[in-house]
Amino acid sequence: MSIKSDKIDISVNDGNNQDSQINNDMNMDNNNDNNIDSKNQSYNSNLNHITSNPDTLVECSSNEDLPVVKSKHKEKKVTIKEDTIEDEREENEKKVEENKNNNEIKKVSFFGLFKYSTTGEKFMIFIGLIGSILQGLTLPFMIKIMGKIIELYMSLVVLVALRNRTGLDDITLKQSIQTGSIPGLDPSVKKLFITKDEFWEKFHKYMLFLGLIGVLAFVATFFMDAFLTISSTRQTTRIRALTFKSIIRQEIAWHEKTSPGELSSRIISDTILIEDGMGYKLGNVLQNVVTFIACFILAYTSGWKLSLMMSIIIPLLLLIVLVMSAILKFYTKKSQDGYAELGGIAQEAFSQIRTIVSFGTEQKEIDRYVEKLRPTKKYGIIKGHTLGISLGLVFCIVYSSFSIAFIMGTRYIRDGKMTYGEVLSVFMGIMMGAMNLSGVGATLSKFSEATGAATIIYNIIERKPLINTDEGYIPDEPTEGHIEFQDVHFNYPSRPDVEVLKGISFKCLPGQTVALVGASGSGKSTSVQLLERYYNKKSGRILIDGKDIEDYNIKWLRSQIGLVSQEPTLFNASVSENISINTPDATQEQIEEAAKLANAHDFIKKLSNGYDTSTGERGLQLSGGQKQRICIARALMKNPKILLLDEATSALDNQSEKIVQAALDSASSGRTTLVIAHRLSTIKNADLIIVMEKGIIIESGTHDELMKLQKYYYNFVKNQEIKIQENEKDRKLEKRNKNEICYNDNFNNEICENTIVSRLSSTLTLSRNDLSSGGSQYLIEERHEKSYGFKDMPWKRYININKPYWLPNIFGFFGAVCNGGIQPAFAFLFSSALNTFTKKGDELTDGGFFWGMMFIVLGVCNFIFFYSNVGGFFIAGEHLSYELRKRMYNSLIRQEVGFFDTNDIGDGSEKAGGNGPPGTATASTGTLTAKLATEASLVIGLNMNIGSIFQQIVTVVGGFCIAFIFGWKLTLILLAVVPFLFIGSYIRMQSIKNRSQENRNVFETSSKVACEAIISIKTVAALNLEDHFEQLYLEKLDEPTKRLEKRAYISAIGMGFSNAVAFFAYMIGYWVGAVFIEKGLMEFDNMFKVIMAIILTAMAVGQSSSIAPEANKAIEAFIHILEIIDRKSKIDAENEEGLTKEKNELKGNLEFSNIRFSYPSKPKVTVLHMGDKTISIPEGKICGFVGGSGCGKSTILGLLPRWYDIRHGSVKLDGEENKNYNIKWLREQIGIVNQEPCLFNISIKENIKYGKLDATDEEIYEAARKANIHDFIMSLPDKYDTLVGGLGTSQMSGGQKQRIAIARAMIRNPKILLLDEATSALDAESELIVQKALEDASIGRTTVTIAHRLSTIKDADIICVFKEGRIIEMGNHEELMKIKGEYYNMVLAGDGEISKKK
């Protein structure tokens, strides 16, 4: 409820009234009700004297009975008087409602697609549409002229026939006809007769018209293609930029509800759909509509009765097309959703391949993938049937309708109601109109897809973030750093029913250091996130310099704060760019100064390119400690007034931590510092320590004050200490050695670059551009994927894979071959039927009836062939795609870990269906998830393409046979035109091919930028990097736009040429034909058969000339798929061979000896160099590995479960080389917990079950109890069914995730336990419980543990000290302390209080 007084106005939690609203509106933060209205502004002035006065301290607790240690300052209570709250509550509710309405999804209309176009682009669209209209008119003009030419030919036929019959010349013949001196002449012949000169005069006029139409076709097509393509490219570039701009400005709560992969793929796939809807296809539809209207006008003006009879087919065609579109749209969406989900599953699996390999759950992952893949095959098959039946029916109806024209048309000619030319105009007009209309139907769905995609994209662009970064007060001076929390309540928007902060209050004065400690999940990091304004609090107030945090401009606020998070985030740039990313004007000296402050300078200098070394995607080429120090340097660059350190040193070893801690201590002098720490040694000197539990403050005070209380904090401290009592002499010695230690310390942290890859927990993604010259041959082959063509195709393999689907394939081939005969058959039928028009009386109507029936037969055949062809191949293609995806995934998931180090994984967002980058891999397009998404969908079309090639062969052979049989001379002359018909199509094809290649590269590079920014959205927000990434994204989009535009012009020329050339081909055919008929070398119907056969054949082949590159793409994809399927894993988990033992026979003796090792991704850099050293760990013993971060500790751990195999040295289990054991059995004996808990986006229960697939619920609960996570899980609304969340948006704290990972390892009951920093993310209390659980678990097991906190391994039987890939000390704690070497120094660095160990 809101409480008012004349002095102060604080919102206190009573959020029940709005909870229902929150649940109803997932798009909204539940924090809107604290939008402070204008009335509340008045408190600021009254408040300043209270909050800026250091004497004021608000009690640090919401629970009065708990102990509160008062500050040294005199305390004043803030008096709050209750008052009416109704009006304010209503106002807040109104604001919630208003925001809700603002962000409701608004449907985008078709014209709404163009809302982001400029005036210039609108003008281009206008010119392009004018071009479309003119192009649409060319066909009706041609039909009109063709009708006239046919009538002219009739006259020529009459002339030649009369000449032959009478032997008279033209002039005499004309006079004889006029005088009626030729006996038995039909009256209609009199009408048709013209002389040779009159014929040629008219003929030349019509040829000129045809030529002009050809020129018009060229110009109109050029305008349409070039301008619509360029304007749509420019608009979509702008839309992508705006979408990205909006996405990175949305509040964090919004990001938590969407996956980064989905967002970055939406920017690509949805804008492709929008581009389709506003580009060339728009012109195409307009052209088809204009053609349809003009053809019908032409038909109706030539003979309305006949036109009306033929028009009966239009509603039928429309109905078919609408039904087809609806079904296809529905199932396409389902398929796309399915593939998007599959992309996410694959990306997650590849990123966490080490976890999968360790737990031997390859088959589980394959089953998870295949289960989601299965429905997509079903949807594809339904689409295949729909497409086959619909298109078959369309052609069947169109061909059958010709029968009406011939049966009724011949009757109208006989009765003198119509002429031949008019019947032909009706026939051609309705036929071409109907064909164009069915063409529109197929494309119309593109517009609904475009508006659907735009609805989502434009709503993202227009969505106003609930936390606006651009508004608010910007002070003239930097902040003083006075922080105060007053009764702050908060729940995460994604879990509105779980309250995380339950009314916390504390104060942090300028220059003070306040530390927050407590169990993981107690609300410490949440407090920091509220200070950064990632979320709005539910009630209460957070003040900086006495002013409510929500009044400040967020960008200014964040610029005053330096944040170092628990999970360090770096960007894919050089080290120096990462450090100076939010201070772009920084000099190299300033960068190095910050690095020195963070103790990072020395290790950076040791990297291959020093400060110019790339850190890789998400900083994955550096160890955790190295990343953390770069992040600290980055935070110090801004010289912030407020420093927030959220577990800033959790990833460091003791010595690094000591130095970094010293750096942080010096950095925090003069700054207000808020520290969250699980290692309590790091916060002893804090001015105020606040102990939190479950969202409330239970204790607060200085270290000494809290130690005197001997309660919670005291217990935490005692649990963590290593006590070593030494005499005074040693103390002095320590002081004397201090300088040496510091020197050593730096030395210890100079990490050779070899270790960069050694964080096994990271997903190693080497950017292809960053490969060092030392890449192995294997790598180089991977990089430059060859391009393949027909000659490389392994046809035998292809046929074998297709064998199981022989039935749909046979149908497909049968349909394709028969379809090939349809065009020549149509040319023959059509020209033979036209010849009927030269007959008279009953002969005319009988001929009309016969050919009409023939067209019905042709229509029925076409339905059968088309359905067989499209349906058969589509269904076979879906089966094939399903099979190939399955096999690819099966092969990929079983590859050795090294394979994933040397291949980009991708972000899982690549869409199927060629929307993502296809198989041709350039610099970084060969990501594994992209291969999986796009290669298989490219192969789907291969059967169809091969069928089409057969179809074209039949068409060409059939067409030329007809042409040569009926007039070989004319055929030979026309063959000269055929190459030009091909050339036009070829130019267009090439430019389209290059255009799509270019587009792919644009998408790929920009998508990487988008994905990186979205995954690390919290870091982007904290560092105010929105503008930086926006600029970067724009550069990646703009750079290739000019090239794309040039290509668009070339493509438009090719398109114009191919459209125009057909008209000139007709001109030559008609002209030569007329000469042949006049000279008596050919008959009219034969001439027409030749012209129709040649031109229809050439156009059919021209249209399908795009088959070749499609087939080529498919072949290339198929060969790439085979490369993946055939790649034998170098460490094959499926291999049945090798030793196995009964569980009780395996003892668990481990031995690592003489190992020399380098990673496959950097073969020239040696990571481990043990020399002649041997580590022997007897059964049941505990061995600890310690050393600076990145010295090879984790690497050696990964050798035991054979993530990698060594070439030199040996890893033995019970005296037997680990390579000799059955690998699956070997991995079953090992339980592993990594530093960064790798969990999957499935339920908690499924995650724990990952360790033992057949585990019962009771075993799961038991494992969770052992890992001290059971109670937390039970407190969640969905308990064990709660989803863990994906990368970057997980709903759980690091400690919670880590305990789930520990439960997963525990449930296996393994013989060997490998713990890589297993408790680094836990708070002191959890660590103690989990540490005890791990110690209990390690009884009777051989345990190897890596630790930076030395307290966790002080009781180990053997401790190995690593440095730069070598072992420099071995022994137990006491022995190593006596040596007073490296380990001794580390212990000293780790804990200043050295007292005798009891």
For [Y], does its backbone N or O pair with a side-chain atom of [X] as donor and acceptor, under 3.5 Å?
X	Y	result
Thr971	Ala963	yes
Thr410	Ile407	yes
Ser132	Gln287	no

Any heavy-atom pair between the side chains of [Y] and [X] that's under 4.5 Å?
X	Y	result
Leu282	Leu129	yes
Asn862	Val398	no
Ile1050	Ile1053	no
Ile125	Phe227	no
Met1055	Gln135	no
Lys144	Phe209	no
Pro824	Thr955	yes
Leu152	Phe203	yes

task = Step by step, work out the side chain to side chain contact (heavy atoms under 4.5 Å, CB included) result for Phe830 and Phe406.
result = CA-CA 10 Å; Phe830 186 54; Phe406 282 97; 4.3 Å; yes
Could you measure the distance from the [atom1] atom of [X] to the [atom2] atom of [Y]? Nearest 0.5 Å is fine.
X	Y	atom1	atom2	answer
Lys1089	Asp1085	NZ	CG	4.0 Å
Lys196	Leu173	NZ	CG	13.5 Å
Cys295	Tyr300	SG	OH	13.0 Å
Ile150	Thr419	CD1	OG1	11.5 Å
Leu210	Ile149	CG	CD1	5.0 Å
Phe427	Ile404	CZ	CD1	11.0 Å

task = Please assess Lys202 against Glu151 for the test salt bridge (Lys or Arg N to Asp or Glu O under 4.0 Å), listing each intermediate value before the final yes or no.
result = CA-CA 11 Å; Lys202 283 186 178 176; Glu151 284 187 346; over 6 Å; no
Could you check whether atom [atom1] of [X] has more than 12 heavy atoms from other residues, nucleotides or ligands sitting under 6.0 Å from it?
X	atom1	result
Phe141	CZ	no
Trp1071	CH2	no
Ile953	CD1	yes
Glu1078	CD	yes
Phe199	CZ	yes
Phe950	CZ	no
Phe966	CZ	yes

Restricting to non-hydrogen atoms, name the atom on [X] and the atom on [Y] that form the minimum distance, rounded to 0.1 Å.
X	Y	value
Ala299	Ser307	O-OG, 2.8 Å
Gly136	Thr291	O-OG1, 2.8 Å
Ala825	Leu858	CB-CD1, 4.1 Å
Gly859	Ser400	CA-OG, 4.1 Å
Leu974	Val1090	CD1-CG1, 4.2 Å
Phe863	Cys396	CB-CB, 3.8 Å

task = Is it possible for you to check whether Lys148 lies under 6.0 Å from the centre of the six-membered ring of Tyr206, through NZ or CZ, and within 45° of that ring's axis?
result =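 Ring-cation test returns no.
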message = The test is side chain to side chain contact (heavy atoms under 4.5 Å, CB included); show your working for Val285 and Phe447 and say whether it passes.
response = CA-CA 10 Å; Val285 166; Phe447 298 131; 3.5 Å; yes
For the pair [X] and [Y], name the ring-plane relationship: parallel under 30°, tilted 30 to 60°, perpendicular over 60°.
X	Y	answer
Tyr1049	Phe222	parallel
Phe1084	Phe1088	tilted
Tyr1070	Tyr1066	parallel
Tyr399	Phe402	perpendicular

ask   = Can Phe1076 and Met1087 be said to form a side chain to side chain contact (heavy atoms under 4.5 Å, CB included), step by step?
value = CA-CA 8 Å; Phe1076 278 15; Met1087 179 216 76; over 6 Å; no
message = Applying side-chain hydrogen bond (donor to acceptor under 3.5 Å, both in side chains), can you list everything that pairs with Asn819, at least two apart in sequence or on another chain?
response =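 Checked Asn819 against side-chain hydrogen bond (donor to acceptor under 3.5 Å, both in side chains); zero matches.
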inquiry  = I'd like to know whether Glu422 forms a side chain to side chain contact (heavy atoms under 4.5 Å, CB included) with Tyr412, so could you lay out the CA-CA distance, the side-chain angles of the two residues, the decisive distance to 0.1 Å, and finally the verdict.
reply    = CA-CA 10 Å; Glu422 285 167 348; Tyr412 286 140; over 6 Å; no
